[in-house]
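Just follow the structure's listing: the first ligand is 1, and inside any ligand the first atom is 1.
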Amino acid sequence: MADKKARLSVDGLDETIELPVYSGTLGPDVIDVRALSGKGLFTYDPGFVSTAACDSSITYIDGDKGILLHRGYPIEQLAEQSDYLEVCYLLLNGELPSPAEKAEFVNTVMRHTMVHEQITYFFRGFRRDAHPMAIMVACVGALSAFYHDSLDINDAHHREVCAFRLIAKMPTLAAMCFKYSIGQPFMYPRNDLGYAENFLRMMFGTPCEEYQANPVLARAMDLIFLLHADHEQNASTSTVRLAGSSGANPFACIASGIAALWGPAHGGANEAVLAMLQEIGDESHIPEFIRRAKDPEDPFRLMGFGHRVYHNFDPRAKVMKAACDDVLAELGVEDEPLLKIAKQLEQIALEDDYFIQRKLYPNVDFYSGIIMKAIGIPTSMFTVIFALSRTIGWISHWNEFHSSPNRIGRPRQLYTGERQRDYPD
Ligand code: CMC
């Protein structure tokens, strides 16, 4: 229900257009502009800076205050008191599970971890040095070919089964990408292990000997999954919603989300952070890189800094920074040269006027890359791990989209091309 109205007058139009204004539970009001197309007008907002494309009750971000809530719960509390699979349940179902509900949820997820054996043959078609995100886009899209029994998007039970399959199989596929790249045999999942422990075992174990995950590293891995689980209507989530709006199957939709996540302005930033730290190479080179980041003529940006929504410290980055310290202490690598560069860079950027004025703070990707490197995960796998973690966010939004009346997403444009003209005789 609209409790307020906005009034719009446009030169050349002899009426004032009244538009309903809606208030959410939190955040800015929105002006419902849908009536404008009937008046021959569109709104114009490249980059969707001022556009709410949907209503959603999953995640709320206050970028100025540095607040991130999942279903109302602050991310810091979830990071401290919950774990990744519980947050998956929360995002998908709206409430925290009871102990019995959680046990059943975990049990169901862990019983869907295996991928069809035919999937293993897909890998052989790829070069060993293929980027794992390329393999992930292909393999997740290919899952559509395996589960015809649950592809009715209008059936809530089918949607739920797809959610379980995706949450469960992403770690298996991700670890297979890594194993393929180093020529080791794929490791089958172990369903008696925790979600993160199972992932670490599939990544670093071999069939030749027992693998026991270090609990500090398993907890850090779980935290990385948890902190990346959802982030409102970001580029990849919006891509999943848009793909879903055409009625495409969930595996195809999640594959489109993985593709959108890959870019360095989004999920690819964690890989780009490490590449940047390596390029800087030595603390003495930092001022030169800061100078380049500030030069409007130079396309170089400090990777892991800035965010479209946060104009304050990214709350996930604070938790990640603390976890980073724990992991490095546990592994005894506090003196790692790249880490020294990272810390120094962070310090200089936080004190520099350019970054202060533009409110550019380190984001989650700045620290997650450092932790993953310390755990032994190669940089090319960083964005894959982001994709694995974000799958629950994507599927929750896709499910929310299909749980109420909806229509295909179809943006319009400001046309700037040629007017109609005749083909030359
Ligand atoms: N280094 C240097 N300058 C920057 C940076 C940066 N990392 N980020 C933004 N700026 C400057 C930019 O040049 C512009 O300056 P001016 O006003 O003088 O032209 C101003 O800050 C505003 O930037 P913008 O490009 O309009 O901001 P945006 O909201 O369109 O972009 C961003 C957001 C995240 C794409 C951008 O900050 C960026 O490219 N950061 C580096 C990549 C990165 O770390 N991405 C991960 C984001 S968090 C994880 C995720 O959500 O996927």
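A centroid separation of 6.0 Å or more is found between the aromatic rings of Phe251 and Phe146. For Phe305 and Tyr361, the ring centers sit 6.0 Å or farther from each other. Between His231 and His307, the ring centre distance stays below 6.0 Å. Two rings, from Phe122 and His116, have their centers 6.0 Å or more apart.
Between the CD1 atom of Ile371 and the NZ atom of Lys373 there is a distance of 13.5 Å, given to the nearest 0.5 Å.
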Check ligand 1 for close polar pairs with the protein: N or O on both sides, less than 3.5 Å.
from, atom 1, to, atom 2, distance (Å)
ligand 1, 1 (N), Leu302, N, 3.1
ligand 1, 3 (N), Tyr354, OH, 3.0
ligand 1, 7 (N), Leu302, O, 2.7
ligand 1, 7 (N), Phe305, O, 3.0
ligand 1, 13 (O), Arg301, NH2, 3.4
ligand 1, 13 (O), Tyr354, OH, 3.4
ligand 1, 15 (O), Arg358, NE, 3.2
ligand 1, 18 (O), Arg358, NE, 3.0
ligand 1, 18 (O), Arg358, NH2, 3.0
ligand 1, 25 (O), Arg301, NH1, 3.1
ligand 1, 25 (O), Arg301, NH2, 2.8
ligand 1, 29 (O), Arg308, NE, 2.8
ligand 1, 30 (O), Arg308, NH2, 3.0
ligand 1, 39 (O), Arg301, NH1, 3.0
ligand 1, 40 (N), Phe305, O, 2.9
ligand 1, 44 (O), Gly304, N, 2.8
ligand 1, 44 (O), Asn363, ND2, 3.0
ligand 1, 45 (N), Ala265, O, 3.3
ligand 1, 52 (O), His266, O, 3.2
ligand 1, 52 (O), His266, ND1, 2.6

Run the numbers on Asp83 and Lys102 for salt bridge (Lys or Arg N to Asp or Glu O under 4.0 Å), then give the verdict. CA-CA 11 Å; Asp83 59 38; Lys102 182 171 176 192; 2.6 Å; yes

